[in-house]
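Okay, structure first, notes after.
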Amino acid sequence: MLQLNAIRENKEAFINALKKRNLRADAIIENVLQLDENRKATQTQLDNTLADANKLSKEIGDLFKSGKAKEANDLKEKTATLKEVSKQLTDDLNSISTELQNALYLIPNIPHESVVVGKSEEENEEVFKEGTIPTLFEGALPHWELAKKYDIIDFELGVKIAGAGFPVYKGKGAKLQRALINYFLDKNTEAGYTEVQVPHLVNEASGYGTGQLPDKEGQMYYMPEDDLYLIPTAEVPVTNIFRDVILNEKEFPITYTAYTPCFRREAGSYGAHVRGLNRLHQFDKVEIVRVEHPDKSYQALNGMVEHVKDILRELKLPYRILRLCGGDLGFTSALTFDFEVFSTAQDRWLEISSVSNFETYQANRLKLRYKDENGKSQLAHTLNGSALALPRVLAGILENYQTEDGITIPEVLVPYCGFDIIN
RNA sequence: GGAGAAAUGGCAGAGUGGUCGAAUGCGGCAGUCUUGAAAACUGUUGAGGGUCACACCUCCGGGGGUUCGAAUCCCUCUUUCUCCGCCA
C-alpha cells in the first residue's frame with residue numbers, strides 16, 4: 001500500500017511511475033487524495049465534537065460532586081445533541097475511511113526507476129546469462145516422459161488422489177526432491193539466513209499484510225469453515241511474522257529462510273506449457289525473506305540475486321536473469337528479477353526464482369516499522385525471493401542431466417541423495 | 001467438544017464508574033560517578049490521527065451496548081490458561 005503523505009507531495013511522480021505498469025492512475029490518485037481530504041475534515045469535526053462532550057462531562061462530574069444536582073441535570077440535556085452529532089460523524093468517518101482504504105488497496109506499488117515500460121513478459125529485459133546449454137543425445141525426453149520412464153513421478157496417481165497438478169513423487173524422485181530442499185536450506189543458512197518453520201495456513205490479516213488480498217483471493221485455496229487460506233508462498237507467513245512490529249534499527253538486517261509447500265489454484269491456466277511439473281497446484285519451495293533498512297534494501301536485493309546465482313552455478317544449470325518490465329511486475333513489487341533455467345528437452349526457459357524488493361509497500365500494510373536515530377517510527381523495507389522453487393529446478397535437472405544411461409545427479413546433490421544416477 | 005478462570009504499555013503487574021494514557025518493578029535510552037565497565041544515583045521512555053507548532057481526538061484483546069462520563073458495568077466474538085474428553 002502506498003503512503004498517502006508521499007502521494008500528496010509527489011502526485012505527478014506517482015502518476016508517471018505508474019504509467020510503466022500501463023496504468024493511467026490520474027483519476028484513482030485524485031480520488032484517493034479527495035477521500036483523504038474528506039477524511040481529515042470529518043475527523044476534525046468529530047474531534048471537536050468529542051472535545052466539547054468531554055468538557056461537558058467533566059463539568060457535570062464537578063457539579064455533582066459539589067452537590068449542584070440541578071445544574072448538572074440541566075447540562076446533561078445539552079449533551080444529547082452532541083451525542084447525536086458525534087454518532088453521525090463517526091459513521092461518516094468510518095465509511096470514508098473504508099472507502100479510502102479500499103481505494104488504496106487497488107493501487108499497485110511504484111516501479112523502481114530501472115524498470116522499463118512494457119506490456120507483458122515479452123518485454124522483460126535479460127540482464128544476465130550464464131552456464132552452458134548441454135547438447136543432448138538423440139531421443140532426449142521432456143521431464144514428464146522421463147518421470148514415467150524411471151517411475152519417479154506419477155502424475156496420474158496424483159489426479160486420482162487429489163486432481164491435476166498434484167503429482168506423487170516416488171522413490172529416487174521423492175528422495176531427489178527432499179535432497180533439493182535440504183541443499184537449499186543449507187545454502188541459505190550458510191549465507192546467514194535463519195531457518196523458520198511456519199504455518200501453511202494463514203488468516204485474512206496475513207493475506208492483506210503481504211498483498212495477496214484483497215485482489216488475488218482467487219489464486220488461493222480458501223477454507224470457509226475456519227476462514228483460513230492455504231499459503232501460495234512462504235512469503236506470506238514469514239513476512240507476517242513482522243506484522244505490527246516496531247524494530248530497533250540495530251536489528252537490521254533480518255534474514256529468514258523457510259521451506260514450505262505452496263498451494264495455488266492457478267485458475268485459468270491451461271495448455272502445453274502447464275504439462276508435467278511446469279505448473280502445479282501444490283509444489284515445494286524454499287524462500288528467503290529479508291527486512292531491511294530503506295537505505296540498504298537495494299544492496300540486499302543484489303545480495304539475494306548473487307546468492308541465487310551461486311546456487312545455480314553449483315547445480316551447473318544454464319540460467320538467465322530477467323528484470324521484469326512494468327507490465328509483468330507483481331502488484332506489490334518495486335523491482336523484480338526472475339531467474340529462468342533453460343530446459344533443453346523442452347527448448348524453453350523455466351522460471352525458477354523471483355527475487356523482489358517491495359520497499360515500503362508491504363511494510364505499510366503490515367505496519368512494520370523501525371525507530372530511526374531520532375526515535376521516530378519509519379517504515380522498513382521487505383524483500384523476498386525463491387531459493388529455490390523445486391518443480392522446475394527438478395525439471396531442469398532431469399532434462400539437462402539425462403544421458404542414454406540414465407539421469408545423472410548434480411555433484412553437489414549426491415551427498416544429499418545418496419545416489420548419483422537415476423536409471 | 002464440555003466446565004471454569006483470565007486478557008492492561010517491551011516484559012511483569014496494580015487499577016471495579018469521573019482526579020487514569022494508566023501506580024510500581026524490570027528492561028530500554030540519556031546523564032552523574034569511573035581510566036573504562038559494572039553497581040549506585042538522576043532524568044527520560046507506548047502507538048496513531050491532527051497542527052507550522054501547540055491545542056485537541058482515539059486506543060487498556062476485537063466488536064457492540066448502558067451512562068453526562070467506561071480500563072472499570074452489560075452483551076458478543078476471539079485468544080490464552082486449568083480440569084475433563086478425544087487424539088498425531
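Within every chain, numbering begins at 1; the chains are lettered A, B, ... in the order of the sequence lines, protein sequences first and strands thereafter.
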A40(B) pairs with, by Watson-Crick or G-U criteria that keep both distances under 3.5 Å: U32(B)
Aromatic ring pairing Y221(A)/F166(A), orientation class (parallel under 30°, perpendicular over 60°, tilted between): tilted
G48(B) phosphate, OP1 or OP2, under 4.0 Å from R369(A) side-chain N/O: yes
A38(B) to A47(B) separation - C1' atoms, rounded to the nearest Å: 34 Å
Who pairs with G21(B) - Watson-Crick or G-U, where each distance is under 3.5 Å: none
Distance test, side-chain N/O of S377(A) to OP1/OP2 of G48(B), below 4.0 Å: yes
Candidates C56(B), G50(B), U67(B) - which lies nearest the side chain of A51(A): C56(B)
Identified pairing partner of A88(B), criterion: Watson-Crick or G-U wobble below 3.5 Å: none
K172(A) to F419(A) six-membered ring, cation-pi geometry met (6.0 Å, 45°): yes
Spacing of CG belonging to D186(A) relative to CD1 belonging to I181(A), to within rounding of 0.5 Å: 12.0 Å
Plane angle bin for Y370(A) and H293(A) - parallel if under 30°, tilted between 30 and 60°, otherwise perpendicular: tilted
Presence of donor-acceptor pair under 3.5 Å, side chain of N248(A) and base of G28(B): no
P atoms of C84(B) and G13(B), separation to the nearest Å: 25 Å
G-U wobble or Watson-Crick pairing nucleotide for A53(B) (cut-off 3.5 Å, both distances): none
Sugar-phosphate only, base, or nothing, as touched by N48(A) at under 4.0 Å among non-hydrogen atoms: nothing
Closest nucleotide among G46(B), C68(B), U58(B) to the K83(A) side chain: C68(B)
